[in-house]
Amino acid sequence: MSTDKTFGDYGGQYVPESLMPAIEELTDAYERYVLDDEDGFMDEFRRRLADFGGRPLPLQHAESLSARYDTAVYLKREDLLHGGAHKLNNALGQVLLAKYMGKERIIAETGAGQHGTATAMAAAHLDMPCEIYMGETDIRRQRPNVFRMRTNGAEVTPVTTGRGTLKEAISETMRDWATTVETTHYVIGSVVGPAPFPAMVRDFQAVISEEAREQAIEKEGRLPDAVLACAGGGSNTMGTFAHFVDDDGAEPRSAGRSSGQRRRDGVDLYAVEAGGSSLSVDEEEGVAPNSASLSTGDEGVLHGARTKLLQDSHGQIMESHSVSAGLDYAGVGPELAHLVDEGRVEAVNVDDDSALAAFHRLSRDEGVIPALETAHAFGYLEEHHDELGDFVVVNVSGRGDKDLETVLEETEKRDLDVAPDISVLRSAAGEEGM
Amino acid sequence: MSTDKTFGDYGGQYVPESLMPAIEELTDAYERYVLDDEDGFMDEFRRRLADFGGRPLPLQHAESLSARYDTAVYLKREDLLHGGAHKLNNALGQVLLAKYMGKERIIAETGAGQHGTATAMAAAHLDMPCEIYMGETDIRRQRPNVFRMRTNGAEVTPVTTGRGTLKEAISETMRDWATTVETTHYVIGSVVGPAPFPAMVRDFQAVISEEAREQAIEKEGRLPDAVLACAGGGSNTMGTFAHFVDDDGAEPRSAGRSSGQRRRDGVDLYAVEAGGSSLSVDEEEGVAPNSASLSTGDEGVLHGARTKLLQDSHGQIMESHSVSAGLDYAGVGPELAHLVDEGRVEAVNVDDDSALAAFHRLSRDEGVIPALETAHAFGYLEEHHDELGDFVVVNVSGRGDKDLETVLEETEKRDLDVAPDISVLRSAAGEEGM
Amino acid sequence: MALERVFADEPAFVPYVAAGDPSDEASIEYVEALERGGADVVELGLPFSEPIAEGSTIQGAVARALEAGMTPQRYFEFVEELDVDVPLVCMTYYNLVYQYEHPETGESEAVASEATSGETASRGPRAFVERAAEAGIEGFVVVDLPAEEAGPLRAACDDFGCDLVFVIAPTTKGERLGSMREQVSGYVYVQARLGVTGAREDVSDRTEQSLARVADWDVPKAVGFGIKTGAHAERIIAAGADGVIVGSALVDIIAEGHEDGADTVAVADRLEAKARELKEGALTGARRAGAETR
Amino acid sequence: MALERVFADEPAFVPYVAAGDPSDEASIEYVEALERGGADVVELGLPFSEPIAEGSTIQGAVARALEAGMTPQRYFEFVEELDVDVPLVCMTYYNLVYQYEHPETGESEAVASEATSGETASRGPRAFVERAAEAGIEGFVVVDLPAEEAGPLRAACDDFGCDLVFVIAPTTKGERLGSMREQVSGYVYVQARLGVTGAREDVSDRTEQSLARVADWDVPKAVGFGIKTGAHAERIIAAGADGVIVGSALVDIIAEGHEDGADTVAVADRLEAKARELKEGALTGARRAGAETR
Ligand SMILES: Cc1ncc(COP(=O)(O)O)c(C=O)c1O
Ligand SMILES: Cc1ncc(COP(=O)(O)O)c(C=O)c1O
C-alpha cells in the first residue's frame, strides 16, 4: 500500500483550494489509522465488516457456468455483503475513519444508489448524520435505493444540473464539501477523486481479493488464471485485483491469446467496462454512448485526479451512457488507468446487449441475480471464455434486485433468447407500477 | 430430532390419499439423508449453504438498540442469507433432498414471495425445473419477488381462488402435487404441512440457532436470557429456537415478569405473531384482522396437520390479515403450537402499527432494514424490553427491500414519529410507479 | 356396513353434488332429480373452505354453497329436508368433523376466538357422526383423513352404525393397503387417476391397475375421478368396478345453469338425463363384463 | 507580474463574468460595460463542463455559455475581439488547460476518442498559455489547480510573462501557505468564506482572519466569494484588502436580463451601474481604512 499521490502519470490532487486542507487531514488520518492501524482502527473495521457486513463472503464454484465453458468458474460473492454490493466495504471504512477523525457529518454522492445506500447504512450503524446527493434522473431510475437511504435516516438531495446523473452528483457533493469541509467527511464511492481517496478506497475494498486469493488456493490449490471484475470508477475492480497484482508472470502479455496459449505463471486481470450501445462518440452533442473510459478515453483531469476520461477534443467532459447506472461515469480510477497502461490489467468491454443477456444467464443457470454492473463481467466471460485459462474468478460486485425496472424495460426492447417471459408480472399487476 | 409424526396433540398427516405414498417416501428420504446423513447429504447441504448461501451469518451486537433498552441486544443476521431471508436454508435443503430422491421437478407455494424466491434460486442452482404458485393478490403486492423468480427460471402461476394469498396458494400447490406426486417434490415453505415437513423444515432451519448459540457464548460468555423471532408458519421461529429448546430453566415460567424478576437459568423463547389491526375476528365475514393463530386460534386441521388455526365456529378457515405478507397465514407449525402449550415458548404478538414503527426504528438506528415480518419481533422488543433480561437475541429473518411498496403505503396512512419523510421519492419521481 | 347392499345386484351409480349449491332450495331439487335418474347412493358434499383435493369445478360448487350460507348445522337440516330413498354419504374434510359441536348435546356455538377445543362427547368426530346419523347419513368420505389418522372417526362410525369409505389412489401400495382394508366399510373409493377431481375426456389406464390392487377386498369397489360420460361408466364397470362415482360432470351442469340463470326445474331435468346416461352406461358395462367373463 | 500595477494606486474592482454568457455578442458588450463602470481587471471565465467550485449562479452562466458554443479556441478569439484596456485574467479549470491544443503549433483537432494525450509544446499548459498571451490574457486563475500540481503551468506563465493567481481559502494554513506564496504572482485571491461562489447578504467574519494570514505577502490581496454590494466592498477594503472580486452579483444581472429577454444595452447599463456601485464602495472603504490606520 502506498501513500504516493500518483500512480505513474495518474492521480494527484486537483481540487479547489478550500478542500486541500481537508485532503491533507484525510491523508494524515489514512496513514495513521489505515496504514499504521493506530488506535486499533483496522481491527475495528474488520470486526464491523464481519459482524455488520457479513464477511467473509464465499468464493463459490459456479457449476453450470463451469460446465458451459469447460473452465472452473468461481464467483466471489460480494452480492451477499450487507446492502447488496461491495460498496459497504468502502463506505464502512470511510464512515468509521470519519468518526476517528472527529467529523460530525457524512456526505456522499450516488449514481445507482448502491454507494448511497451503503453509506447511509454505515452512517446509521455508526450514528452519523448523513446526506446523499443523487441526480434527479437516477432518483427516478433507482427508487428502491432512494427509499432505503431515507429509511436509514439519510437525507437524499436531488441534483438537477446537467443530465442529473452521477457526474453531476459528484460535482454537487464537492460543492457541499467545499462549504462544510471542517466538520464533514465526503465518502467518495469509488477509487476516484483526489489522493488519498483512490488508494484508501482500494485498501478498504482489498478485502475482496485478500479473501478470494486465499479461497482460490484453498479450493483449487492454486491461483486463478484470470480474474474478472466490472469497472465503473473501479473500486470493486481494484478491490478484486489488489492482492493479485503482484502475481504477475514473467512473459509480456498479449491480447487475444487463445486457449492453451495462455501463460500459466501469472494471474491475468480483466477490467470489464460498459461498452454501452456503441464505442463511438457524438462529439457534437458531448455524448458518449458508453462508459468505456479505459478503453476509449484519454488522459485528463476530472473530480480531483488525472486519469482516463471521456471528453471531447476541447476537454469538456462527455455524458457517458450505460444500461447500468453504476458504470455510467466518464472517468475511472487513476491506479486502474495506470495498471492498464503498464499492461498489468487488460481493459476490455462488452455492450449493453451482452450485459443484459449475461444478467439473465447467470440468474437462470446459477440462481444468482447479479447487478447489471456485475453482468458486464459475465458478458465478457461468455464472449471470451476460451482465452481465459482453466480457472477463472469473477467478482459478483452486487445483486440485481435494484435493477428490476431497468431490466424489465431493456429486456422488452430486445430479443434475447435467455430472457424469461415476464408476462405474469404484467397480466396480474395490470399497468400498475412496481 | 425426532421422526415422530406428532408433537403432543399436534401434527400428523391429514392429506388426500394420493399424497400419502409421497409423504411416506419423503419420510424415508428424510430419515436416511437428513437424520442419518446417508451419501454425505448433510455435508453437501452444509457446503452449499456456505458457498451458495453465505453461511455462517453474524450474530451482531446492536449498539443503538442496546443503549436504547439498556440490554445487550444481538441480531442474528438471516437477512444476509442469499435471497434476503432465512427461507433459503429450507429451500436449499429440500431441493437438494429432492435431487437425492431422484425427483425431476420442484413446486412450491409462496406468500410474500420470499420462499418462492429462495426455492427458485435453489432450483436454478441445482438445475431443477421449478413452478411456484402465488396468489394473484400477492403477485401484485410483491412484484420484485415475482421478477426474481422468473429471472431464476421458475414458472410463476397465479392463483385466483379466494383472496388470492398464501392459503390459496398452498391449496393449489397441493392440487398440483396430487397430480404429479410421482416425479415432483413439493417444497413446503415453513414448518407446516403433514409430517415429516414440520420436523424436516425445522432441521434445515436449525442452523440458525446452531450458529447463534455458539456465537452467543463466544460473544457474551453465556446463553441469552431471551430469544425472539417472528412467527408466521414458524420456520424462522423454530430454526431460531431449536438449539435453545433444551436450555430450559427449572422454575415454571409466568407471563408478565418484570425486569429483575426473570429467571437467570433458562433461555426464554418468544414467538411474535402478527396482531394485525386487531385481535378480534369478524365471524360473519370469515375474516380475522390478524394472523395470531398461536395467541388467538384454536385447534384444528389445515394443510395436512393438526395445529392452531384461525377458524370460525364451524371449522371454516378464516382469511388472516397482516401488514406483512409473510406472516399472513391462518395456521402455524404444529411443533410451535405444542411448545406454546407446554409453556416452553411464549406466544406473543404486536400489531401492524408497532411492526411498522419497529421497521423504521431498526433501519434508522442500526442501518439494518428488516422485513416487515421480522419487524414484529422488534416491535415486541420495544414494548417489552424490560421483561426480557440482560441479553436478548432477535432473529432478523429477512431484509425489507421487498417491502418498499407496502411500507410506503402503510406509513403514509399513519402518523409514526420514527418514519422518515419520503417526499423526495414522490417529488422527483412524480406519480410514476416504483 | 349397510351401504354394501346397493352394489349387490347391479352396478351402482354414485353421484356427487355439494349440498347447497347454488342454494338450498335448488340443491334439494337436484339431489331428488339424481335419484330419479337412477342414483343408487348420493355423495353429498359438506363444503369446506380449503378443498385441497378438488379441481376447479368442485371448488366452484363449494364456493357457491358457502356463499349461500351452508354450514355443518345447516347441512344436517338440509339432509333432513331431502325426500330421497337412496342412502346418503357425507363427503367432507376433517376440520369440519373435528370442530363439530352437537347443537343439543354441545354447548351453544362459540366464536372461534373464544372457543375451547379438543374432542368431547359433544364435540368432534363422535358428535358429528351422531348428528349425521340422526339426520339419516349412512356413511362418510373424509378426503384428507388417511387411515392412519382415522381412529376416532372409525370408532364413532361403529357406534352409530355408519360406514367409513376410504379412497385408494393409484399410488397407494404395500402396507397402507392393509390398514385401509381393515378399516374400510360400505365401499372403497377407487381413485381412477392422480390429481384432483374434474371431468376428463378419457378414462385413465391406471383404473384397471388400481382395481386389481383391491380385487380381493370384500367391499364393493366404486371408481371415481374424471368420469364424464355413459361410455366412461360403461368402460369402468366393464373393467370390474361395482360402481361409478361422478361429481364434476354433474356439477358442471349446475354451474352452467347457475351462470345462465336457468330455472331450477330445467337444470334438474338435465341432471336427471345425465344421471340416466351414466346409470345406463354402467348397466351396459355390467352386461359386457358378464358376457366377457362368464 | 504586471497585474500588480492595477492595485498600486487605489483599491481595485475585479469583476468576473463567463465569456460568451449568454452569447458572444452580448458578452462582449458586458465586459466593455464593466470597464466603463470602473473595472480594474476582468476575470473572464472560460467555461468548463464540471464547475465544481461554483454556486448555482455561475453554474448557470457556464451552462449558458457552453450552450451558446463557447470553446477554448473560440474563447481566445473572443478575447481578441474585446475592446478593453484593462488587463484580463482567464479563470478556468485545469482539464481545459491540460487538453488545450494550439491551433497553429498543434496538430489539427482530433476527436476525443482518437486523440493522443500528454503534454507537448503544442498541447497542454504551455500551448494554452502561449495562445492566451497572444490573445492578450495577462494572468490565470485555475480553480482546481492547487500549488502542488501547478508546476507546468507556473513554468509556462514564466515563459510568456503571465501571472498565476492562487486562491487562499479560510482553511489554508501552515506549509501550504508557504508554497503558494512562492508561486503566486499578480495578486492573491483571498476566498472570503468557505463554499462555492455565490452572492450573499453579508460579509464573512472570516475575511479579516484570512487577510491577516497573507498580510506580509508582497502581492496585492483581492477578496472574493459572496460580495454583492458597494457596502460589502467598502467593508472588505476597509479591512485591508487591495481589491474586491465580484462574480455572482454581476452574473445575476446577466441571468435576469436573459430570462426577461431584456436587450443587451439595458443589461449592459445595469452592469455598468452595479460596477460603479462596487468600485465606489471600494474607494470609500479605502478612505475609511486610510482614516482609521493613518
Ligand atoms: C454492483 C456494482 N458493481 C459495480 C459498480 C461500479 O463501481 P466500481 O467500478 O467503483 O466498483 C457499482 C456502482 O454503483 C455497483 O453498484
Ligand atoms: C423474512 C420473513 N420472515 C418470516 C417469515 C414467516 O415465515 P416463518 O414463520 O415460517 O419463518 C417470512 C415468510 O415469508 C419471511 O419472508
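Every chain is numbered from 1 and lettered A, B, ... according to where its sequence line falls, protein lines coming before strand lines.
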Worksheet item: Passes salt bridge (Lys or Arg N to Asp or Glu O under 4.0 Å), A:E182 versus D:R206? Steps please.
Response: CA-CA 14 Å; A:E182 291 157 307; D:R206 296 178 84 164; 2.6 Å; yes
Worksheet item: Between A:L309 and D:N95, is any pair of side-chain heavy atoms under 4.5 Å apart?
Response: yes
Fill in: Main-chain N/O of A:P16 paired to D:D144 side chain as donor or acceptor, under 3.5 Å
no
Fill in: CD (D:E134) with more than 12 external heavy atoms under 6.0 Å
yes
Worksheet entry | More than 12 heavy atoms of other groups within 6.0 Å of D:E80 CD | yes
Discussion item. Going by the rule ring-ring contact (aromatic ring centres under 6.0 Å, His included), which residues pair with A:Y14 if we only count those two or more places apart in sequence or in a different chain?
Written reply: D:Y94
Worksheet item: Does any N or O in the side chain of D:Q191 come within less than 3.5 Å of the main-chain N or O of A:S18, such that one atom is a donor and the other an acceptor?
Response: no
Worksheet item: Is there any residue in residues 184-197 of chain A with a non-hydrogen atom under 4.5 Å from a non-hydrogen atom of chain D, and which ones are they?
Response: none
Response to the item:
For residues 167-181 of chain A against chain D, heavy atoms under 4.5 Å, the residues are A:K167, A:S171, A:E172, A:M174, A:R175, A:A178, A:T179, A:V181
Fill in: Rounded distance [0.5 Å steps], CG in A:L19 versus CD1 in D:I52
7.0 Å
Discussion item. Can you confirm whether the side chains of D:Y98 and A:E299 place a donor and an acceptor under 3.5 Å from each other?
Written reply: yes
Worksheet item: Is there a side-chain contact between A:M20 and D:E148 (heavy atoms, below 4.5 Å)?
Response: yes
Practice prompt. First locate atom CD of D:E149, then atom CZ of A:R306, and finally report the distance between them rounded to the nearest 0.5 Å.
Written response: 8.0 Å
Practice prompt. Tell me, for A:T161 versus chain D, whether the close heavy atoms (under 4.5 Å) come from the side chain, the backbone, both or neither.
Written response: side chain
Worksheet item: Any chance the side chains of A:Q311 and D:Q99 put a donor and an acceptor closer than 3.5 Å?
Response: yes
Discussion item. Can you list everything that forms a ring-ring contact (aromatic ring centres under 6.0 Å, His included) with D:F48? Sequence neighbours excluded, please.
Written reply: D:Y93
Discussion item. At a heavy-atom distance under 4.5 Å, which candidate from D:L66, D:L145, D:T71 has the highest pair count against chain A?
Written reply: D:T71
Discussion item. What part of D:P47 gets within 4.5 angstrom of chain A, counting heavy atoms only: side chain, backbone, both, or neither?
Written reply: backbone
Response to the item:
Here the pair of heavy atoms bringing D:S49 nearest to A:I317 is OG-N, 2.8 Å
Worksheet item: Nearest 0.5 Å, what's the NE2-CD distance between A:H303 and D:E50?
Response: 5.0 Å
